[in-house]
Amino acid sequence: MDLHCTTRGLLLLGIHGALAVGCGDDSRASASAAQTDASASATGTGSAGTGTGSATDTATPTTSDGSASQSASQGDSSSGDPPTTTNASLGTSTGEDASTGAVGSSSDGTTGAVDPCAGGMGDFDFSYLWVANTSQGSVSKINTKTLLEEGRYYADPNPGNASTSRTSVNIDGHFVVVSNRAGYSLTKIAANVDDCVDKNADGMITTSQNKDDLLPWGTDECVLWNTAVNSYSYNGGPRGTAWAPGEFNKETCKYENQKVWVGWMDAPLHAILGRFDGETGVQDATVPLDNWTSQISPYGAAADGFGYIWTINVYQELIRIDTDTLEVKRYPSGGINFYGMTVDAKGNPWFGPYSNGAVAMFDAQTETFAQIPNTNENHRGVAVAADGMVWVASNAGGTHGCGLNQIDSNTMTAVQFHTFPQCGTPVGVSIDVDGFVWMVDHSGWAYRIDPNTYEKTQVIVPGDHYTYSDMTGGGLQNAIIPK
């Protein structure tokens, strides 16, 4: 087996503490066993269609305890003129200190020097759920603590023809990138006003403040860049989307040189995985995937803690890319219908297969697939929590129908299938900074699930949501800085 053992790989492993690092078949396992520090989970990917969904006029959260639920009424959240621009004063912040990424400070007691990371590894102490509003061509920012929609942003210069889909959050939670399947573009948005840019130099940051405050394209100063890709058709449009962490700088407590990886097709039967500079949006590497065997672009993508990006040829093969050398390795599916995907803290990809398929895992050490018994459903998005629980969205038509499948990755067994008072078409799953599980339904809402009590809280998000990938950043945190 050709395990990743470059200078960058050793640096990445070294940030987790005193590790027994070596080159060879056991280096992945020894690094995984030694990794420490914290956050939450990992999330999955997407589908080929768009469809239409229902929308509502309210964003009021409602607790679903089996006796009460809130229905979404039919409507079109994308109609009407853009709301009046709202200005936010420079210096206002909704999270941690954006200038340093630090979550605290402490003295080492010897030299008096201040540790900008307070002994941590740049963990973020806030999180947002970023939901793609597909038909509207926009993205919603949901505060995962207050459950309020704090902003809504157009994701493409031609939002009505964007088909906004995958959203992926970076390692410190400050930025999201969204891929537009029909717009053939990627867009980066800042979570904190401190990270936005006063483009018109008026001393203010002009940005959306709530779900109804959707500013015209080019006027929201928290939308930082938009980059076009050379897709040749809707089916070949950008889908699989993932941030890679970059290198951790202990002096600044920041991850530097962060990259975004996105998959698309530039011709029939020819796919590409492109690497983009997270700061500028400029494409700086192209990985060709020749002999592509489907008509759909790379479907999902996720970064692990060992210097690899993983993606899938839907239903057919798993692909691993070395982020240093750009070496490609491909693994046939063996009959597993790859669909949603993520990566756990051990570097093992997980899959939510469709077509009444069993949840599956690829052991990156032995390079073999395993399926979980008694988990056959019509799965979509998947996320792995910090405790090893795997959560997979399930659509109607499978063994249990519409809901959320829970699997224990430590025992490789099914735990429970969760149903909901209102369930349309669950698509994406993600884990927030507090460990809550989020499931986004295409039909106009999301649920927050307490992983301990299984209490379910419904949050209405007007629009139709074909949203996948790491919607909170918890997936990347857990893969890179596991507990």
Side-chain angles (χ1 to χ4, degrees), residues 35-44 59-65 93-98 101-104 117-131 140-151 167-176 191-192 243 245 342 344-345 381-393 404 406 408-409 415-416 418 420 426 428-441 445-461 467 469-483:
Q35 286 178 346
T36 57
D37 293 331
S39 191
S41 128
T43 188
T60 303
T62 61
T63 299
S64 301
D65 57 5
S93 178
T94 57
E96 62 178 316
D97 182 358
V103 295
C117 299
M121 290 307 308
D123 300 346
F124 57 97
D125 57 1
F126 69 96
S127 68
Y128 290 99
L129 175 75
W130 295 87
V131 180
S140 293
K141 182 177 75 171
I142 312 295
N143 188 310
T144 59
K145 295 181 184 291
T146 66
L147 312 187
L148 297 176
E149 184 170 342
E150 294 187 358
T167 57
S168 183
V169 179
N170 77 325
I171 187 70
D172 59 23
H174 282 243
F175 304 103
V176 66
N192 285 346
W243 282 87
T342 189
D344 67 19
V382 55
V384 183
D387 61 0
M389 288 295 171
V390 183
W391 301 83
V392 195
L404 190 64
Q406 181 184 0
D408 188 337
S409 69
V415 176
Q416 185 173 338
H418 300 270
F420 296 81
V429 186
S430 198
I431 314 291
D432 71 21
V433 70
D434 296 312
F436 288 100
V437 181
W438 285 84
M439 183 178 76
V440 176
D441 198 301
W445 58 83
Y447 279 101
R448 186 183 72 174
I449 302 99
D450 187 314
N452 298 312
T453 67
Y454 299 148
E455 178 186 16
K456 304 173 181 71
T457 305
Q458 187 185 45
V459 180
I460 301 300
V461 187
T467 191
S469 300
D470 189 3
M471 301 176 286
T472 60
L476 186 57
Q477 277 274 322
N478 186 56
I480 304 300
I481 319 173
K483 290 183 178 179

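Residues S140 and V461 come closest through the heavy atom pair OG-CG1, 3.9 Å. Listed here is the closest heavy atom pair of P451 and G435: CG-O, 3.4 Å. Closest approach of S409 and G388 over heavy atoms only: OG-O, 2.6 Å. Closest non-hydrogen pair, R448 versus K145, comes out as NH1-O, 4.1 Å.
A 4.5 Å side-chain heavy-atom check between V390 and Q406 finds every atom pair outside the cut-off. Side-chain contact between V392 and L404 is absent, with no heavy-atom pair separated by less than 4.5 Å. With a 4.5 Å cut-off on side-chain heavy atoms, L148 and I142 do not count as touching. Looking only at side-chain heavy atoms (C-beta outward), V131 and T167 stay at 4.5 Å or farther from each other. Here the side chains of I431 and W391 are in contact, with some heavy-atom distance below 4.5 Å.
At a cut-off of 3.5 Å, with distance as the only test, no side-chain donor of Y128 or E149 sits close to an acceptor on the other residue. Side-chain contact of T472 with S430: a donor-acceptor pair under 3.5 Å is present, judged by distance alone. Checked by atom type, the side-chain pair D470/W243 shows no donor-acceptor distance below 3.5 Å. In this structure, a donor-acceptor pair under 3.5 Å is present between the side chains of T144 and S127.
In this structure, Y447 and F420 have tilted ring planes: the angle between them lies in the 30° to 60° band.
Put simply, the side chain of D432 gets close to the backbone of F436: a donor and an acceptor are under 3.5 Å apart. Side-chain atoms of K141 never come within 3.5 Å of backbone atoms of L129 as a donor-acceptor pair (strictly under, hydrogens ignored).
Atom CD1 of I481 and atom CG of L476 lie 8.0 Å apart (nearest 0.5 Å). D441 contributes atom CG, which lies 8.5 Å from atom CD of Q458 (distance to the nearest 0.5 angstrom). If you take OG1 on T342 and CG on N478, they are separated by 8.5 Å, rounding to the nearest 0.5 Å. In this structure, CD in Q416 is found 13.0 Å from CG in D408, a value given to the nearest 0.5 Å. Of the inter-residue distances, the one linking W130 atom CH2 with F175 atom CZ reads 10.0 Å to the nearest 0.5 angstrom. Taken to the nearest 0.5 Å, the CD1 atom of I449 stands 11.0 Å off from the CD atom of E455.
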Check the pair H418, M439 against side-chain contact (heavy atoms from CB on, under 4.5 Å), reporting the backbone distance first and the verdict last. CA-CA 11 Å; H418 300 270; M439 183 178 76; over 6 Å; no
side-chain contact (heavy atoms from CB on, under 4.5 Å) assessment of Q477 paired with I171: CA-CA 6 Å; Q477 277 274 322; I171 187 70; 4.0 Å; yes
